[in-house]
Amino acid sequence: MIKITLPDGSVREYAKGTSSLQIAQSISEGLARNVLAAKVNGATWDATRGIEQDATLQLLTWNDTLGKETMWHSSAHLMAEALEAIYPGIKFWVGPPLENGFYYDVDLNGQTLAHADFEKIEAKMMELARQNNIYIRKEISKADAISYFGDKGDEYKLHLLERLEDGNITLYSQGNFTDLCRGPHIPNTGFIKAAKILNTAGAYWKGDEKNKMLTRVYGITFPKEKDLKEYLTLLEEAKKRDHRKLGKELELFTFSEKVGMGLPLWLPKGAMLRERLIQFMQKAQTAAGYLPVATPHIAQKELYVCSGHYEKYGKDSFQPIKTPQEGEEFFLKPMNCPHHCEIYKSSPKSYKDLPVRYAEFGTVYRYEQHGELHGLTRVRGFTQDDAHLFVRPDQVKEEFCKVIDLVLHVFNALDFKEYTAQISLRDPENKSKYIGSDENWALAEQAIIESAAEKGLKTVVELGEAAFYGPKLDFMVKDALGRKWQLGTIQVDYNLPERFELEYTGSDNQKHRPVMIHRAPFGSLERFIAVLIEHCGGNFPLWLAPDQFAILPISEKYNNYAQNVLNLLGSFGIRGFVDERNEKIGKKIRDNEIKKVPFMLVVGEKEELENKVAVRAHGKGDIGTYTIHDFATYINELIESDFKQKQNQE
RNA sequence: GCCGGAGUAGCUCAGCUGGUAGAGCAGCUGAUUUGUAAUCAGCUGGUCGGGGGUUCGAGUCCCUUCUUCGGCUCCA
């Protein structure tokens, strides 16, 4: 007999070799029907695998991330079986689960897979799923595995096998499909009740662009038909929030083929939004001791030769601007830091002057590859809320903490609750590719880790992800469709102070090298606004909304009164417009609801007589009649209380 | 840059197997003067992304190029 400890701490006895599934059955049939996999002594196992010794056991269902992963991993195998049935001679690479669904990379052997084929694949998957085929685990010798996949002609699997150790190789089979796989898998295909092929995409074999391009087939499955329907509606909803769609509908920005791809054109409403964000940041920065600077959009080649960017990116970027002067070359600035270094150098610095914080909303130009441009999140010309802090090594941590405060201030003010922070450190195995002394790196990495911990950030540490010039802390958020984007960034830099020979005089009257910290809480205005649009679905916080109210006269007779109301409200510092079109009130309301204007002020005979406005809140409907003064106070209080609340949270 | 979709009026889209473009909204004009999510009527909008080809004839078929979408790679 073996002792099985369950999560609630209870211990039960079972015969040796009893599977998790059988244990679940002994608890309740209903539970057994939902068990997808099990965690045995901390390792994820097939629910059908026999347990040979005392163990702690956690049964995994659809409600567990690991349960979902197992389901989707098994679904990838099921899809592979369906694909093999439809596309003879198809070759397989790998098919892992994802956060939402799974994919399989396949070599279609010259055949094509179009959208029109998706249904066929889905139908085949469901046909196979209904056979309730069990997933069979088999341990196999390396030689046998090589001969099996060799006979089948699965060259990619042979590649995988090369890296595996004999005695550690397992195959999983279900129905007519056998795959090289570590597992675990769900008990049988019957758990899969709904399947959807989402899309296909090219993917380089092993992620290397020199290799052959395989077809990556994305899919998702569910244990209930209803779950799939819900998921599909969720996708639809997400599409409605897409910043590219809302940007067009709300007249925030546009692109023009003539101007060039990846070069956003800000429309008046979008530009106003930008300006408001800039003012917001400037206020916060002034309070935090930043000094404004301003620099031109181009600089001589020599500047970037000095910074090292020319050597590293010169050929892959926008090419130099020539002048009538022979040999003279200018570059569009790809970053603001070199300029700020030169500003630092414009006067001698004492240790008492540090930290020096130079801030600039600097527009930069980077030649991003054609295929990677994406709405406002990936563009070729964008404005960073950039600042560079020049600090003494002993100030790194304190300054880092202050920058984190600033980033959190931004996230709070805009209601971003879900984000992750990634700490990128150097690869300890390969220290030689980084610039700067061991001592300084250790200091800076320590400073980042400690300040992130002090600020209570949820962090992921990535070794080897640091830039060659220093470690960094990046804030990531997801867009409407679940794609991850980096917003704010804080980076330590040992490289530029060295290259630009930046110095300060210490208390010992010797020259010392300052440490540079790059930081951009928004990241870039473009990307930030994109993520903000999706985050709030176009319903901006009141203080940011391009128009806070629209005045809707019942008929043209009340246009004059409406104009008076507009002027009066303007004097209270709130903004809006009069919808003077010759349309019925219902139409005006509908249009302004669609444009997501926060408040609509209906004015007609009654209102004019009483000097009032009938207020309608976006998405809520009529909220009563206000005097103009009361309405203005109401709006201003809403904005203020919003900010106060945010500050209290900090 | 790579793989695979897409590109028709300002916007959203229709146009079957090739026979020389169509709707709704927006815009303009007029009527109406309106009370909480679309008033009615008329009109103006398109070298069907660009270029080339096949054909008596191309939005439709072929080639090429640009842009865009989903990924891959990249991301100072």
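Since we're looking at a predicted model, the values are computed, not measured. Lettering follows sequence order; numbering is per chain, from 1.
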- Message: Check the orientation of Phe631(A) and Tyr634(A). Use parallel for under 30°, tilted for 30 to 60°, and perpendicular for over 60°.
- Response: tilted

- Message: Without decimals, in angstroms, what is the distance between Glu556(A) CD and U34(B) P?
- Response: 11 Å

- Query: Within 45° of the six-membered ring axis of Tyr367(A) and under 6.0 Å from that ring's centre, is NZ or CZ of Arg380(A) located there?
  - Reply: yes

- Message: Could you tell me the Watson-Crick or G-U partner of C2(B), where both distances fall under 3.5 Å? Say none if there is no partner.
- Response: G71(B)

- Task: Whole angstrom is fine here: how far is it from CG in Asp208(A) over to P in C2(B)?
- Result: 16 Å

- Query: Mind checking the C1' distance from G42(B) to U32(B)? Whole angstroms is fine.
  - Reply: 15 Å

- Message: Nearest to the Glu372(A) side chain among U34(B), U36(B), C74(B), which nucleotide is it?
- Response: C74(B)

- Between Asp622(A) (side chain) and Gly624(A) (backbone), is there a donor-acceptor pair under 3.5 Å? yes

- Message: Whole angstroms only, please: what is the CG-P distance between Asp117(A) and G4(B)?
- Response: 14 Å

- Task: Report which part of the nucleic acid Glu605(A) touches: base, sugar-phosphate, or nothing (heavy-atom distance under 4.0 Å, all strands).
- Result: base

- Paired with C61(B) by Watson-Crick or G-U wobble geometry, both distances under 3.5 Å: which nucleotide is it? G53(B)

- Query: Do the side chain of Arg366(A) and the main chain of Pro334(A) share a donor and acceptor less than 3.5 angstrom apart?
  - Reply: yes

- Query: Which value, in whole Å, describes the distance between the C1' atoms of nucleotides A14(B) and A23(B)?
  - Reply: 7 Å

- In whole angstroms, how far is the C1' atom of A76(B) from the CG atom of Asp474(A)? 12 Å

- For Ala203(A) and for Arg527(A), find the nucleotide of RNA chain B with the closest heavy atom, then tell me which residue's nucleotide is more 5'. Ala203(A)

- Can you tell me the pairing partner of A41(B) across any strand shown, Watson-Crick or G-U wobble, with both distances under 3.5 angstrom? U29(B)

- Rounding to the closest angstrom, what is the interatomic distance between C72(B) and G45(B) at atom P? 46 Å

- For Arg216(A), report the nucleic acid contact type (base, sugar-phosphate, nothing); a contact means any heavy atom under 4.0 Å. sugar-phosphate

- Query: Which part of the nucleic acid does Gly604(A) contact within heavy-atom distance under 4.0 Å: base, sugar-phosphate only, or nothing?
  - Reply: base

- Taking the C1' atom of each, how far is U20(B) from C48(B), in whole Å? 12 Å

- Item | Asp385(A) side chain to Phe522(A) backbone, donor-acceptor under 3.5 Å | yes

- Can you tell me, in whole Å, how much space there is between the C1' of U17(B) and that of G59(B)? 15 Å

- Query: What are the residues of residues 581-589 of chain A, sorted by number, that bring a heavy atom to within less than 4.0 Å of RNA chain B?
  - Reply: Asn582(A), Glu583(A), Lys584(A), Ile585(A), Gly586(A), Lys587(A), Ile589(A)

- Task: Name all residues meeting the side-chain contact (heavy atoms from CB on, under 4.5 Å) criterion together with His339(A); count only those two or more places apart in sequence or in a different chain, and write none if there are none.
- Result: Thr295(A), Pro296(A), Ala299(A), Leu303(A), Tyr304(A), Lys333(A)

- Trp72(A) side-chain N/O to Ile220(A) backbone N/O, donor-acceptor pair under 3.5 Å: no

- Task: May I ask you to say what Ala614(A) touches in the nucleic acid, namely base, sugar-phosphate or nothing, with a heavy-atom cut-off under 4.0 Å?
- Result: base

- Message: For residues 597-619 of chain A, which residue pairs pass the salt bridge (Lys or Arg N to Asp or Glu O under 4.0 Å) check, not counting sequence neighbours?
- Response: Glu593(A)-Arg616(A)

- Scan Glu607(A) against the nucleic acid and name what it touches under 4.0 Å (heavy atoms): base, sugar-phosphate only, or nothing. base

- Test side-chain hydrogen bond (donor to acceptor under 3.5 Å, both in side chains), reference Asp242(A), set Arg244(A), Lys240(A), Lys245(A), Lys239(A), output is Arg244(A)

- Of the nucleotides A76(B), G35(B), A38(B), which has the atom closest to the Ile554(A) side chain? G35(B)

What N/O pairs connect the protein and nucleotides 9-11 of chain B at under 3.5 Å? Give each pair on its own line.
none

- Message: Tell me whether Lys91(A) is salt-bridged to Asp154(A), with the criterion being a basic N under 4.0 Å from an acidic carboxylate O.
- Response: no

- Query: Which whole number of Å gives the distance between the C1' atom of G46(B) and that of G7(B)?
  - Reply: 14 Å

- Calculate the interatomic distance between Asn199(A) atom CG and G70(B) atom P; express it in whole Å. 10 Å

- Item | Residues Lys596(A) and Glu249(A) bridged, charged N to O under 4.0 Å | no

- Message: Expressed as a whole number of angstroms, how long is the span from Phe118(A):CZ to G71(B):C1'?
- Response: 12 Å

- Message: Please determine whether a side-chain nitrogen of the Lys or Arg among Arg378(A) and Glu372(A) lies less than 4.0 Å from a carboxylate oxygen of the Asp or Glu.
- Response: yes

- If you take atom types as modelled and just measure distance, does the side chain of Tyr103(A) reach the base of G71(B) with a donor-acceptor pair under 3.5 Å? no

- Message: Using atom C1' in both nucleotides, what's the gap between C3(B) and A76(B) to the nearest angstrom?
- Response: 28 Å

- Message: Taking the P atom in each of A37(B) and A41(B), what is the distance between them to the nearest angstrom?
- Response: 22 Å

Under-3.5 Å N/O pairs linking protein and nucleotides 67-69 of chain B:
unit_1, atom_1, unit_2, atom_2, d
C69(B), OP1, Arg244(A), NH1, 3.3
C69(B), O3', Arg244(A), NH1, 3.3

- Query: In the structure shown, which nucleotide is the Watson-Crick or G-U wobble counterpart of G24(B), with both distances under 3.5 Å?
  - Reply: C11(B)

- For Phe599(A) and U36(B), what is the distance between atoms CZ and C1' respectively, to the nearest whole Å? 15 Å

- Task: Indicate the ring-plane relationship of His518(A) and Tyr469(A), choosing parallel, tilted or perpendicular according to the 30° and 60° boundaries.
- Result: tilted

- Syn-anti status, with the boundary at 90° from 0, for the nucleotide G7(B): anti

- Message: How many whole angstroms separate atom CD1 of Ile220(A) from atom P of G71(B)?
- Response: 14 Å

- Item | Nearest-nucleotide comparison on RNA chain B, the residue closer to the 5′ end among Glu593(A) and Met213(A) | Met213(A)

- Task: Return the set of residues passing side-chain contact (heavy atoms from CB on, under 4.5 Å) with Ala271(A) (not counting sequence neighbours), or none when no residue passes.
- Result: Trp266(A)

